[in-house]
Structure formats: C-alpha cells, structure tokens
2 protein chains.
Amino acid sequence: MVELTQILQNLKSRGYRLTKTRKQIIGIFLESRVPLSAQELRLELQRRNYQVDKATVYREISFLKGQKIVREVQFGEGKKRFEINLTDHHHHIVCIRCEKVDDIVLENDLRDQEKKIFELKKFKVLNHSLEFFGLCTKCQ
Amino acid sequence: MVELTQILQNLKSRGYRLTKTRKQIIGIFLESRVPLSAQELRLELQRRNYQVDKATVYREISFLKGQKIVREVQFGEGKKRFEINLTDHHHHIVCIRCEKVDDIVLENDLRDQEKKIFELKKFKVLNHSLEFFGLCTKCQ
DNA sequence: TGACAAATGCAATCAAGTTGCATTAACTAT
DNA sequence: ATAGTTAATGCAACTTGATTGCATTTGTCA
C-alpha cells in the first residue's frame, strides 16, 4: 500500500502523530470503495480486533476531513458518510432498493452550470453535491 | 391564497382530514421561499401562537412527503429540510458564510447525464439531489 | 529515558428523529 | 344536531448520530 505510507509521511511532516487509530482508519478508507459512516468505520475497526471509542472515531474523521484526506458525502439517510479524497472528482449512484453505491464520473461535469450561476446570480460556487438515486441493474 | 385551498380540497377528496395542524403547516410551507427543518417549522408554528408536539410535526412532514406536497432537500447539516413541491424542478445555492439559500433553475438540467449513466452502468436514475455551496454576493 | 502535547477513553450531553399508547377531534351517517 | 369511527394528536420514553469536558494515555523528540 504505497498511498498509505505517503499519506502518513505527509501527516508526520506536518507535525501530526501517527497513532494506531489514525493508521488503521486511513487504511480502511483507502481500502473501501464506498463511503463509510462513522459507525461502519467503527465496526470495521472492531472486525480487525481494534476497539476504539466512538468519540475518537468522530474526532479522527473530523481531523481527516480538515486535512482533506477524506471528504463528506451524504445520501439523505440522516447521517454523514466519508470517503477517501484521493480519487478524481466523482458522484454516486445509489440504489434505493438494495442500497448499493457506485461511483460515476461525469465528463465536463457542472462547470458550465456553475459559470451560469455566477453570471445569473453573482454567486461564487465553491463546491457542489450531486447524487443520483434509482435502481441498479439487479433491482430494476 | 388560492393554492392552499386547492391543496386542502385535494387532500379532503382523497379522504384525509383537514386538521388545524395540517392547514397551518401547509400554509407555512407555501409562504416560505426556503426549505425548512422540522424544528424551524415548529418554531414558526409557535410564533403563530400554535403549539404542536414535535412528534406531530414529524408525522405531518412525513405525511406531506408521502402526498408529494413537500419534498426533502438537504444541505449536509445533519438534518433534513423540506420545501413545498409545487414549484418547478430546481436546485439550491447555499452560502457557506451567511447560510442564505436561493433557488436556481438549470435549463436542460441533468437529463443527458442520466441518460449516459443508464448507457454506461444500466442504472435507472429516478431522482437526484444537487446543491451548490459557495459565497453569495454579499459574502464574497 | 523523560517531558510535553496530541490523542484517547469515559461519561455525560445534545439534537434529530421515531414509536407505543391513551386521548382528542375531524368527518360521516343518521 | 348527535353519535360513532378512526385519523390525528400529545405525551413520554427511546434510538441514533454526533459533540464535549476532563482525566489519563501515548507518540514524539530532545
């Protein structure tokens, strides 16, 4: 896992500690292809025989978000999900039946739209959230 | 308020009761140009000297959502917001500093993208959520 | 190895949202 | 207008996601 050591080196060089929790959590995010909730993350830590308090999990997520190592996404479930922030800008397609999540990369994306928003409303877009909900192949 | 009586008539014809709570809440949604959280809705009811239990507020929102009278939107605050579902399909631009919310209508929208998603992944998009975050004119 | 501060665990707390159950009130039929 | 029915409500307890203060532990570096 080349990327893990890179991330850790980077954090260390910025003066942050490489705790067991931090290494485990970044490792899990790197391996997961789908966004994880705080709970799912904690369960995965447990599955790996590493017990961490939920406060620590939330604090670590918050830290990693601040460091731009993970990004927040949400599917309107009443909770937040997080995914590693290394991959290209993409969106999600979420099956409303089996809840499977997949990534989708849209070419050209929304840059034109964001330009129009600025022309129209003088509103400077810095970020957007876009998720698609529907039925996957199996569930149609 | 023509639309209010229309909505109420429609509900009544479908066999639902026109309770004081229901009338008040639909009225508030019709008057509010911004999506409301359950709490804000309840506070607005209180402001109008009408005290309602939070369980009732949640149940009524759930009912109105089921009736397609309101729709759910979210700005990643860890809570859900709701807005009246009469207006054309639109999205939101949310200022990350002053939190002001405005509507934006995108011509052509994401139909092309959704078509591409089906071609690419055989995933049938039924719905999407798209919000823009950035700085409004005042806050830039 | 020891000192310092970051990170952690624990427990309490908060906010959003849900549920069971007894009571109230909107509507219907008479 | 009245009585019966049942949807809607209030209350209280509860669940889940998330946050915080504080004492303790642990990673780092001199």
Side-chain angles (χ1 to χ4, degrees), chain A residues 4-5 7-28 35-46 48-67 69-70 72-82 99, chain B residues 4-5 7-28 35-46 48-67 69-70 72-82 99:
Chain A
L4 179 57
T5 40
I7 294 174
L8 294 178
Q9 282 308 315
N10 198 318
L11 282 179
K12 192 164 190 180
S13 73
R14 285 191 253 171
Y16 300 106
R17 295 186 184 167
L18 306 187
T19 62
K20 196 176 170 192
T21 307
R22 184 155 293 160
K23 288 185 255 179
Q24 291 271 350
I25 288 181
I26 297 173
I28 291 171
L36 300 171
S37 67
Q39 245 189 171
E40 287 167 349
L41 179 57
R42 197 174 173 210
L43 284 173
E44 178 57 25
L45 287 163
Q46 281 176 351
R48 300 181 180 200
N49 282 316
Y50 187 56
Q51 197 80 23
V52 188
D53 189 80
K54 66 172 174 167
T56 303
V57 172
Y58 280 109
R59 279 191 277 234
E60 188 59 24
I61 288 174
S62 169
F63 170 80
L64 295 176
K65 219 174 80 178
Q67 295 300 314
I69 292 171
V70 301
E72 188 183 313
V73 294
Q74 14 143 39
F75 303 147
E77 307 158 295
K79 65 185 164 190
K80 298 176 178 179
R81 290 181 172 277
F82 305 87
E99 300 192 333
Chain B
L4 180 57
T5 41
I7 293 174
L8 294 178
Q9 282 309 314
N10 198 320
L11 282 179
K12 190 163 189 179
S13 73
R14 286 191 251 170
Y16 300 107
R17 295 185 183 170
L18 307 187
T19 62
K20 197 176 171 195
T21 306
R22 184 154 294 160
K23 289 185 253 178
Q24 290 272 349
I25 288 181
I26 297 174
I28 291 172
L36 300 171
S37 67
Q39 228 174 195
E40 288 166 349
L41 180 56
R42 198 175 173 211
L43 284 174
E44 179 57 24
L45 286 164
Q46 280 177 351
R48 299 182 181 201
N49 281 317
Y50 187 56
Q51 197 80 22
V52 188
D53 190 80
K54 66 171 177 169
T56 304
V57 172
Y58 279 110
R59 279 192 276 234
E60 187 59 25
I61 288 174
S62 170
F63 169 80
L64 294 175
K65 219 173 80 177
Q67 296 299 316
I69 292 171
V70 300
E72 187 182 314
V73 295
Q74 14 143 32
F75 302 148
E77 308 157 296
K79 66 184 166 193
K80 297 174 176 178
R81 291 180 172 276
F82 305 88
E99 300 192 332

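What you see below is based on every heavy atom in this structure, not just the backbone, and it leaves out hydrogens, waters and symmetry mates. In what follows, chains carry the letters A, B, and so on, assigned in the order in which the sequence lines appear, proteins first and then strands, with residues in each chain numbered from 1.
- In this structure, CD of B/Glu60 is placed 16 Å from C1' of C/dG17, rounded to the nearest angstrom.
- Atom CD of A/Glu72 has more than 12 heavy atoms from other residues, nucleotides or ligands within 6.0 Å.
- A distance-only check finds no donor-acceptor pair linking the side chain of B/Arg22 to the backbone of B/Glu60 [under 3.5 Å].
- For the pair A/Tyr58 OH and D/dT16 C1', the interatomic distance rounds to 8 Å; values are reported in whole Å.
- Note that CG of B/Leu8 and CD1 of B/Ile26 are 5.0 Å apart. Values are rounded to the nearest 0.5 Å.
- Heavy-atom neighbours of A/Gln46 CD from other residues, nucleotides or ligands within 6.0 Å: above the threshold of 12.
- The 5' end of DNA chain D is approached more closely, in terms of each residue's nearest nucleotide, by B/Tyr50 than by the other of B/Gly78 and B/Tyr50.
- Counting distance only, with no hydrogens placed and no angle test, the side-chain atoms of B/Arg59 and the base atoms of C/dG17 include no donor-acceptor pair under 3.5 Å.
- Checked against A/Arg42 for a side-chain contact (heavy atoms from CB on, under 4.5 Å), the options A/Val57, A/Ile25, A/Thr56 give a single hit: A/Val57.
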Return the polar atom pairs (N/O with N/O) between nucleotides 11-15 of chain C and the protein under 3.5 Å, or none.
none

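- Atom-to-atom distance recorded for B/Gln67:CD and B/Asn10:CG is 8.5 Å, nearest 0.5 angstrom.
- One end of the helix from C/dT1-D/dA30 to C/dT30-D/dA1 points its axis 30° away from the other end's axis, with each axis taken from 5 pairs and the angle rounded to 10°.
- Taking atom CD of residue B/Gln67 and atom C1' of nucleotide D/dA8, one finds them 14 Å apart after rounding to whole Å.
- In this structure, B/Gln74 places its CD atom 15 Å from P of C/dA16, rounding to the nearest Å.
- Scanning all heavy atoms of the two residues, the minimum distance from B/Ser37 to B/Arg81 falls at N-NH1, 3.7 Å.
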Check: How far apart are the C-alpha atoms of A/Glu44 and A/Leu36, what are their side-chain angles, what is the distance that settles it, and do they pass the side-chain contact (heavy atoms from CB on, under 4.5 Å) test?
Finding: CA-CA 10 Å; A/Glu44 178 57 25; A/Leu36 300 171; 5.8 Å; no
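- Here the C1' atom of nucleotide D/dG17 and the CZ atom of A/Phe75 are 17 Å apart, to the nearest Å.
- A/Ser37 comes within 4.0 angstrom of nothing in the nucleic acid, heavy atoms only.
- Counting to the nearest Å, the P atom of D/dT9 and the CD atom of B/Gln51 are 14 Å from each other.
- Look at CD on A/Gln24: it is 12 Å from P on C/dT8, rounded to the nearest Å.
- Across the protein-nucleic acid pair, A/Glu72 atom CD and D/dG17 atom P stand 15 Å apart, rounded to whole Å.
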Check: Nucleotide by nucleotide, 5' to 3', does protein get under 4.0 Å of the base (B), only the sugar-phosphate (S), or neither (-) in nucleotides 23-30 of chain C, counting heavy atoms?
Finding: --BBS---
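- Residue contacts for B/Glu77: at a heavy-atom cut-off of 4.0 Å it reaches no nucleic acid atom on any strand shown.
- Residues B/Ile28 and B/Arg48 meet the side-chain proximity criterion, which asks for heavy atoms closer than 4.5 Å.
- One finds no side-chain N or O of B/Thr56 lying less than 4.0 angstrom from the OP1 or OP2 phosphate oxygen of D/dA8.
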